[in-house]
Amino acid sequence: VLQQNLPEIVELNVGGYSFTTTLSTLQKCPVSMLSAMFSGRHSVAMDKNGRYFIDRDGTMFHYVLNFLRQSELPPLNDCAKVYHEAQFYNIQPLIEALELMKPIAGEKFRQNFLSHVPHYEENLNILLEKAQQVAAVHPDRVSRLRVCIYKEEGSSNSYENSIPPLMPGEWNPFKYRQSHRCDVHVTFGPWNVGPGVYDLLDCIKHDLSHKGYDIDSQCIGVCDQEVVDQFVCKRPYELRFRWW
């Protein structure tokens with residue numbers, strides 16, 4: 001491959017944003033895409049003004065450059081976006097540094113939890129579709145949906161242990177409790193890892209807020225029936241969608 005002679009001072013156009021840096025800065029991480037692009041072994045597109053063009057988010061690129069220059073990390077609010085750019089450019093030192101920061105580490109562990117919740121993303125989409133259906137049928141500023149959220153119970157718990165031994169053919173109230181199904185729009189669960197119902201409810205509200213929705217929630221006795229003695233189903237929640 002013919003080696004190109006690149007200038008020591010490099011003019012860049014990243015997604016419409018102009019940057020000026022040195023060739024040594026771009027080559028600082030030898031295994032990165034930037035180092036490969038500006039190694040002289042590859043042809044890089046140029047804009048009409050003679051600047052090397054990179055078709056990426058230019059608003060985040062100055063964080064990438066600042067890390068290459070002086071190992072400076074972005075503010076917490078921009079960590080997620082810079083993390084995606086670092087992955088694209090394959091800048092491993094920046095990737096590793098960001099993975100130690102809470103926004104990235106916390107989201108990693110949150111997604112790990114959600115991977116144990118069956119059909120989470122599918123149910124989230126169903127929830128949004130049904131919210132719009134309710135709003136179309138009953139025009140209002142607020143739409144109310146009933147959602148069942150429950151965690152898988154162990155094979156033996158304090159309630160189950162409190163039930164006296166049953167005679168053959170005798171009615172088993174605990175079995176009835178297990179077979180109970182709530183009258184709701186969407187059911188999340190069951191799952192069998194550590195985080196509980198309130199943790200999943202927080203994830204649902206968090207992900208809906210990232211889609212622009214303003215959500216309130218409340219635990220309701222929508223089933224309105226005694227399943228076992230004085231036990232009333234507390235699995236259902238009412239989610240209130242504000243449309244404007």
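- With rounding to the nearest 0.5 Å, the separation of CD in E85 from CZ in F61 is 9.0 Å.
- Side-chain contact annotation: R240 with S143, donor-acceptor N/O pair under 3.5 Å absent.
- S35 and Q27 share no donor-acceptor pair across their side chains, judged by distance under 3.5 Å alone.
- Taking CG of L6 as the reference point, atom OG of S39 lies at 7.5 Å (rounded to 0.5 Å).
- Here the CD-CG distance, from E96 to L94, works out to 10.0 Å after rounding to the nearest 0.5 Å.
- For the pair R56 and F88, the distance from NZ or CZ to the six-membered ring centre is under 6.0 Å and the angle to the ring normal is within 45 degrees.
- The CE atom of M33 sits 9.5 Å away from atom CD1 of I54, with the distance rounded to the nearest 0.5 Å.
- A side-chain donor from one of E107 and Q111 sits under 3.5 Å from a side-chain acceptor of the other.
- Note on D216 versus R144: no salt bridge recorded, every NZ/NE/NH1/NH2 to OD/OE distance being 4.0 Å or above.
- Between the side chains of E121 and N123, not a single donor N or O lies within less than 3.5 Å of an accepting N or O.
- Between Y120 and D207, the side chains place a donor N or O and an acceptor N or O closer than 3.5 Å (distance only, hydrogens not considered).
- Note that CG of N49 is 8.0 Å distant from CG of N13, once rounded to the nearest 0.5 Å.
- Rounding to the nearest 0.5 Å places OH of Y237 at 10.5 Å from CD1 of I220.
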